[in-house]
Enquirer: 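Shown below is the structure under consideration.
Every chain is numbered from 1, with letters handed out A, B, ... down the list of sequences. Note that this is a predicted model, so its numbers are computed, not measured.
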Amino acid sequence: MNWFSRFIVSSIGQKFVMALTGLFLILFLAVHLAGNLQLLRSDGGEAFNTYAHFMTTSPLIKAISYTLYAAILLHTVQGLILWRYNRAARGPVRYAVSYSRPEERPARNMAWIGIIIFVFILIHLSQFWYQMHWGELEMKEYPSYPHKVKDLYSLVSFTYKNPAMVLFYVVCMGVVGVHLWHGFWSAFHTLGLGHRKYVPVIRFVGMAYAIVIPLLFAIIPIIIYFRSE
Amino acid sequence: MKLTLKIWRQGGKYKGEFVTYSLDDINEHMSFLEMLDVLNERLIRQKEEPIAFEHDCREGICGSCSMVINGRPHGPLKGTTTCQLHMRHFRDGDTIVIEPFRAKAFPVIRDLVVDRSAFDRIIQAGGYISVNTGQAPEANSIPIEKEVASRAFDAAACIGCGACVAACPNASAMLFTAAKVSHLALLPQGQVERKRRVLRMVAQMDKEGFGRCSNVRACEAECPKEISVSHIARMNREYLFAAVASETLA
Ligand code: HEM
Ligand code: SF4
Ligand code: FES
């Protein structure tokens, strides 16, 4: 094996994959949120629909989105591999009495939490991403934009008039928050950035990120549900 | 004190099961191991097989004693080995469940004794420095900054007991290995083998079948020497530099 294969299958290398893909997904969440916030403008969907059009057509964004699909798959597959390996590492007999501190709960359940997020991502993609790419969406024209664009805005607005969909979305954002509560700090630690000067800052930013970002995501469908259109 | 003990027995006539014992004359000033000694003397008088457990120094420095007490390696007290745990930390009438450390890489030999030679092999893979033979070198000939020396000493306090592996939900040996890598990477004497050491020790750790670290930090909470997980971050850093950033191809 050459040095790279040896590194990437080593315990620390596998964690390195989790941390890099995880951090990429964290960055993506912020960008995705900025786009979603356009849904709250009362402009008949112009800002959101033209943004969505740009996101599906720009070649640069295309390249980034392929990286994103790869990151999600890599993070999920690697996460599940680690989970299986780690369960087996306990050995043939498990403890009769198990003990854990409350603050360890998110970290101990990353895989379950991740599986829920993965299922959410699949449902979410089939609802919007699939429709945007291959579904039959109405076309809309805005005076200040050169092309006709697909009306994703109306689909989103329609979807979140259903309280069950709103609830599902809000719960899943809570789950993402728990994943980030541990994951944000953990990724830096994995990359060796567990430095006594910076750890308090990383922890604080991580916790703030884990609360604020999912909260902002979750507020959007709630506002859509209650607003009159 | 009256106590009910549920102890894992494995080997001899026991296939691997919990056996319940009642004790009713335990002095609260006894250590946990002395309490087990009392039970073993009774078992020997009754011509029963005594409970096998490891111990040596009984003063918290050798790392031999190893058992999981009510789900916690070395019991409920912070920064304490089993041999230094006293019965006054339990209540009269308590039921105490005692299990061996559980890890695929630490197979049970008998009752509460597990084979921790995987740790020896990790040390053999790189936990050493090269010095010239002959007269012992003068201790103060290499000046070391106080802060660096203290941090290296914090890592060197690891007694190799394996409680970190036992406490980790993944049975990962990262805290132990990181303590050793960190200790030597910080000191000038450890520079010669610095890159090779971390590559080899991590490779050996992986080969032994320990789990992969998820940064849960149960190890730090249960370590009798309170070794900090910041040493794990340092080892990750050392490993990344050695594997990715250095010219070392091995
Ligand atoms: C919004 C999407 C997601 C983000 C932002 C994210 C982020 C992260 C981050 C930053 C980490 C910490 C990495 C480390 O400790 O070095 C992590 C760990 C983890 N993630 Fe995700 N993740 C996401 C989705 C998923 C999915 C879909 C799964 C599917 C199973 C998953 C499974 C895991 C697992 C198992 C770990 C723990 C790995 C370990 O420490 O052993 N994650 N995630
Ligand atoms: S790091 Fe702590 S728990 Fe692990 S072997 Fe060393 S002393 Fe024991
Ligand atoms: S017997 Fe030596 S540390 Fe407990």
Enquirer: Using a cut-off of under 4.5 Å on heavy-atom pairs, state which of B:Glu222, B:Met205, B:Arg212 scores highest against chain A.
Expert: B:Arg212

Enquirer: Counting heavy atoms not belonging to A:Arg84, are there more than 12 under 6.0 Å from its CZ?
Expert: no

Enquirer: Could you tell me if the side chain of B:Asn236 sits less than 4.5 Å from the side chain of A:Phe16, heavy atoms only?
Expert: no

Enquirer: Please check if the number of heavy atoms outside A:Tyr69 that lie under 6.0 Å from its OH is greater than 12.
Expert: yes

Enquirer: Tell me, for B:Phe241 versus chain A, whether the close heavy atoms (under 4.5 Å) come from the side chain, the backbone, both or neither.
Expert: neither

Enquirer: Can you measure from CG (B:Asp206) to CZ (A:Arg6) and round to the nearest 0.5 angstrom?
Expert: 12.5 Å

Enquirer: Specify the closest pair of heavy atoms between A:Phe7 and B:Ala243, including all atoms of both residues, with the distance to one decimal.
Expert: CD1-CB, 3.7 Å

Enquirer: Give me the atom names and distance for the closest heavy-atom approach of A:Arg90 to B:Cys168.
Expert: NH1-O, 2.6 Å

Enquirer: Non-hydrogen atoms of chain A under 4.5 Å away: do they reach the side chain of B:Ala167, the backbone, both or neither?
Expert: backbone

Enquirer: Quick check on A:Arg101: does its CZ atom have over 12 non-hydrogen neighbours (other residues, nucleotides or ligands) under 6.0 Å away?
Expert: yes

Enquirer: Do the side chains of B:Met174 and A:Ile12 get nearer than 4.5 Å, heavy atoms only?
Expert: yes

Enquirer: Between B:Gly209, B:Ser230, B:Ala218, which shows the greatest number of heavy-atom pairs under 4.5 Å with chain A?
Expert: B:Ala218

Enquirer: May I ask you to name which of B:Glu99, B:Lys6, B:Met235, B:Lys104 has the most heavy-atom pairs under 4.5 Å with chain A?
Expert: B:Glu99

Enquirer: When heavy-atom pairs shorter than 4.5 Å are enumerated against chain A, which of B:Ala166, B:Gly16, B:Ala105 gives the highest number?
Expert: B:Ala166

Enquirer: Could you check A:Val93 against B:Trp8 for side-chain contact (heavy atoms from CB on, under 4.5 Å), going step by step and ending with a plain yes or no?
Expert: CA-CA 11 Å; A:Val93 186; B:Trp8 181 264; 4.1 Å; yes

Enquirer: At a 4.5 Å cut-off on heavy atoms, which part of B:Phe210 comes close to chain A: side chain, backbone, both, or neither?
Expert: backbone

Enquirer: Is the number of heavy atoms from other residues, nucleotides or ligands under 6.0 Å of B:Tyr14 OH greater than 12?
Expert: yes

Enquirer: Applying side-chain contact (heavy atoms from CB on, under 4.5 Å), run through A:Lys15 and B:Asn215 and close with a yes or a no.
Expert: CA-CA 10 Å; A:Lys15 287 286 304 174; B:Asn215 301 329; 4.2 Å; yes

Enquirer: Looking at A:Ala88, A:Gly91, A:Gly192, which makes the most heavy-atom pairs under 4.5 Å with chain B?
Expert: A:Gly192

Enquirer: Would you find more than 12 non-hydrogen atoms of other residues, nucleotides or ligands less than 6.0 Å from B:Lys195 atom NZ?
Expert: no

Enquirer: Starting at CD of A:Gln14, measure out to SG of B:Cys213 and round the result to the nearest 0.5 Å.
Expert: 12.5 Å

Enquirer: Cut-off 3.5 Å, side chains only: do A:Tyr95 and B:Arg102 have a donor facing an acceptor?
Expert: no

Enquirer: Need one label for A:Val199: side chain, backbone, both or neither, based on atoms under 4.5 Å from any heavy atom in chain B.
Expert: neither

Enquirer: Could you tell me if the side chain of A:Ser11 sits less than 4.5 Å from the side chain of B:Val202, heavy atoms only?
Expert: yes

Enquirer: Where do A:Arg196 and B:Glu147 land on the salt bridge (charged side-chain N to carboxylate O under 4.0 Å, His left out) test, with the steps shown first?
Expert: CA-CA 13 Å; A:Arg196 57 200 332 216; B:Glu147 210 188 318; 3.3 Å; yes

Enquirer: Inspect the surroundings of CZ in A:Arg105 and state if more than 12 heavy atoms from other residues, nucleotides or ligands are less than 6.0 Å away.
Expert: yes

Enquirer: Under 4.5 Å heavy-atom distance to chain A, tell me which part of B:Val229 shows up: side chain, backbone, both or neither.
Expert: both

Enquirer: Please report the closest heavy-atom contact between A:Ala89 and B:Ala171, naming both atoms and the distance.
Expert: O-CB, 3.3 Å

Enquirer: Please classify the contact between B:Pro107 and chain A as side chain, backbone, both or neither, with a heavy-atom cut-off of under 4.5 Å.
Expert: neither

Enquirer: A:Trp185 ring centre to B:Arg217 NZ or CZ under 6.0 Å, with the angle to the axis within 45°?
Expert: yes

Enquirer: Does atom CZ of B:Phe18 have more than 12 heavy-atom neighbours from other groups under 6.0 Å away?
Expert: yes

Enquirer: Just list the side-chain donor-acceptor pairs under 3.5 Å for residues 166-184 of chain A, sequence neighbours left out, or say none.
Expert:
unit_1   : atom_1 : unit_2   : atom_2 : d
A:His182 : NE2    : A:Ser186 : OG     : 3.4
A:His182 : NE2    : B:Ser214 : O      : 2.9

Enquirer: With only heavy atoms counted, which part of B:Val216 is less than 4.5 Å from chain A, the side chain, the backbone, both or neither?
Expert: both

Enquirer: What distance separates A:Ser98 OG from B:Arg72 CZ, expressed to the nearest 0.5 Å?
Expert: 12.5 Å

